[in-house]
Amino acid sequence: MSAVKKEASISMSTAATQVRSDVKSLDLADQGKKRIEWANQSMKVLQNIRKDFIKSQPLKGVRISACLHVTSETANLAITLRDGGADVVLCASNPLSTQDEVAASLVRDYNIPVFAIKGEDNDSYYSHILAALDHKPHLTMDDGADLVTIALTKRQDVVSGIYAGTEETTTGVIRLRAMARDGVLKYPIIAVNDAGTKHMFDNRYGTGQSTLDGVIRCTNMLMAGAKFVVAGYGWCGKGLAFRAKGMGADVIVTEIDPLKAIEAVMDGHRVMSMGEAAKIGDVFVTVTGNKNVLNKEHFDVMKNGAVVANSGHFNVEIDIPALEKMASSRRPTREFVEEYSMKDGRKIYLLGEGRLINLAAAEGHPASVMDMSFANQALSVEYLVENHASLEHKVFPVPLELDKKVARLKLESMGVKIDRLSPEQEEYLASWSEGT
Ligand SMILES: NC(=O)c1ccc[n+]([C@@H]2O[C@H](COP(=O)([O-])OP(=O)(O)OC[C@H]3O[C@@H](n4cnc5c(N)ncnc54)[C@H](O)[C@@H]3O)[C@@H](O)[C@H]2O)c1
């Protein structure tokens, strides 16, 4: 193809991508491109996979619909999949997590259709998911399982063409396992969240740091000396608790699992029921994946000025309808801060509409940690393209060899070398007879 013809066909396909997409404004694309490039610098493992994908084209002709937080890190994943030969479209996995400038650049500069606008209402959110399913995907990528759920309930016409999928987060994996249990899951899914190189780092350090970042950006509160209540001491909760403690907060943990609770005690945090914590906390953050963890009983006893936020996947962890009912009035006071005036004169501040605060008010996880999560996504997609036919309609872990590959590549990118087992050690570990 001549250079002129090639250029013409690229700009025609870019025009088609622009027509298909729904983003806030393509005028934001310059800023988005810079953000995508900035994130890319810290995603060395993904860069490595991208180089291999460009050579081997393992995803040639594969249509992928991805429902993920539309951030600069996700953009680099989408570009990697595209460069591996896939035909990718992207929609948001949360109405408040989209970076509009990144969405614009993906459309204008990378020819990847995107359906996502920060702050979209629920109707637009779901119509964007439906638009992503119009792509008739072979593979779905989810963060929270909304795409699979909509496909299975409202777009059954596309389901027979889907041969596999991946899931990014704890809550999505829980939903998908329930679907598999009830026999409604129609294709195999890899639970990326369950890879060690995902939840041990992304959930703990990524959510931990960015959640605190979100709370601070909204409120500009001093963390030193603040009574900081963390509901849920799972991977996200322990990351958040340690980072808050590192800034000098007096951390209080609430839990329902005695194992997690004792872990929090021995990690040096105060542990108590939410009923008790509600009376003394300055800041409350839920990261449980559960509903109504903060409810009327707690709002009733909170101090004047208490700040409440959520970093779990769905905005159900705080009982916002109860808070609305209890308030005599409400008004926005700062960006992402809503002041609820209680009938007794107390004020309670809800951050980011109760949606995951690290993405609503900050930038989500740092790129260097998403590097591992999305390397798992890319390798899992490649694995599914090769192996989907032999997999049942269940939820599978990331194969251990891929998890270890991601860890090895990350260590290499950090210049960290580790030891190898000697033949003698390998033999010793494999044997039951050598005890002394
Ligand atoms: N904000 C983000 O960017 C981000 C990133 C990763 C995961 N997530 C989401 O965060 C949530 C937590 O993920 P995780 O990986 O930490 O899960 P996890 O299963 O490791 O931890 C959840 C913890 O919450 C506890 N819990 C449940 N109900 C509770 C209640 N009523 N009160 C107190 N504790 C309770 C559980 O016992 C468990 O220890 C999920 O919804 C997940 O999808 C968000």
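Just so you know, ligand 1 is whichever comes first in the structure, and atom 1 is the first atom listed for that ligand. Nothing fancy with the numbering, it's 1 onward along the sequence.
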Seminar exercise, completed: Note: ligand 1 atoms sitting under 4.0 Å from heavy atoms of His365 are 2 (C), 3 (O), 5 (C)
Exercise. Does any N/O atom on Asn358 come nearer than 3.5 Å to any N/O atom on ligand 1?
Worked result: yes
For this session: Report the nearest protein non-hydrogen atom to atom 19 (O) of ligand 1: residue, atom name, distance rounded to 0.1 Å.
Result: Thr170 CG2, 3.9 Å
Exercise. Would Glu255 and Lys260 pass as an ion pair if we require N to O under 4.0 Å?
Worked result: no
Exercise. Crowded around Met326 CE? As in, over 12 foreign heavy atoms under 6.0 Å?
Worked result: yes
For this session: Please indicate whether any nitrogen or oxygen in Cys236 is less than 3.5 Å from any nitrogen or oxygen in ligand 1.
Result: yes
Problem set entry | Sidechain N-carboxylate O distance under 4.0 Å for Arg155, Asp134 | yes
Exercise. Under 4.0 Å from ligand 1, counting heavy atoms only, is it the side chain of Thr207, its backbone, both or neither?
Worked result: side chain
Exercise. What do you reckon, does Asn193 have a nitrogen or oxygen under 3.5 Å from a nitrogen or oxygen of ligand 1?
Worked result: no
For this session: State plainly whether the residues Glu101 and Arg35 are in salt-bridge range, i.e. N to O under 4.0 Å.
Result: yes
For this session: Considering heavy atoms of the protein only, find what lies nearest to atom 22 (C) of ligand 1 and give residue, atom and distance to 0.1 Å.
Result: Thr288 O, 3.6 Å
Exercise. Taking the minimum heavy-atom distance to atom 36 (C) of ligand 1, which of Glu167, Glu255, Arg355, Glu168 ranks first?
Worked result: Glu255
Exercise. Backbone, side chain, both or neither: what part of His69 comes under 4.0 angstrom of ligand 1, heavy atoms only?
Worked result: neither
For this session: Give the residue and atom name of whichever protein heavy atom lies nearest to atom 20 (O) of ligand 1, and the separation in Å to one decimal.
Result: Trp235 N, 3.1 Å
Problem set entry | Proximity to ligand 1 by part of Lys260, non-hydrogen separation under 4.0 Å | side chain
Exercise. Nearest to atom 1 (N) of ligand 1, what protein heavy atom do you find, and at what distance?
Worked result: Ser311 O, 2.8 Å
Exercise. Which residues satisfy the ring pair (Phe, Tyr, Trp, His ring centres under 6.0 Å) test with His269, sequence neighbours excluded?
Worked result: Tyr233, Phe242
Exercise. To which protein heavy atom is atom 10 (O) of ligand 1 closest, and what is the distance rounded to 0.1 Å?
Worked result: Gly312 CA, 3.5 Å
For this session: Look up atom CE in Met141 and atom CG in Asp143, then write down how far apart they are to the nearest 0.5 Å.
Result: 10.5 Å
Donor-acceptor pairs are to be reported for all side-chain atoms of residues 349-357 against protein atoms at under 3.5 Å, with residues two or more places apart or in another chain.
| residue | atom | partner | partner atom | Å |
| --- | --- | --- | --- | --- |
| Tyr349 | OH | Glu339 | OE2 | 2.8 |

Exercise. To the nearest 0.1 Å, how far is atom 41 (O) of ligand 1 from its closest protein heavy atom, and which atom is that?
Worked result: Thr171 OG1, 2.5 Å
Exercise. Can a cation-pi geometry be assigned to Lys238 and Trp235, taking NZ or CZ under 6.0 Å from the six-membered ring centre and within 45° of the ring axis?
Worked result: yes
Exercise. What's the shortest distance from atom 18 (P) of ligand 1 to any protein heavy atom, and which residue and atom give it?
Worked result: Gly234 CA, 3.9 Å
For this session: Report the nearest protein non-hydrogen atom to atom 7 (C) of ligand 1: residue, atom name, distance rounded to 0.1 Å.
Result: Thr169 OG1, 3.2 Å
Seminar exercise, completed: Among Asp202, Thr254, Ile256, the residue with a heavy atom nearest to atom 26 (N) of ligand 1 is Ile256
For this session: Count the heavy atoms belonging to other residues, nucleotides or ligands that lie under 6.0 Å from CD of Glu120, then report whether that count exceeds 12.
Result: yes
For this session: Below 4.0 angstrom from a heavy atom of Asp257, which ligand 1 atoms are there? Numbered from 1 as shown, please.
Result: 37 (O)
Problem set entry | Lys/Arg-Asp/Glu bridge criterion (N-O < 4.0 Å) met for Lys227, Asp282 | no
Exercise. If we only count N/O pairs under 3.5 Å, is Lys198 in contact with ligand 1?
Worked result: no
Exercise. Which part of Asn290 is near ligand 1, with near meaning a heavy atom under 4.0 Å away: side chain, backbone, both or neither?
Worked result: side chain
Exercise. Does a salt bridge link Glu412 with Lys44, judged by any charged N lying under 4.0 Å from a carboxylate O?
Worked result: no
Problem set entry | Minimal non-hydrogen separation, Lys394 against Ala180, with atom names | CA-CB, 4.3 Å
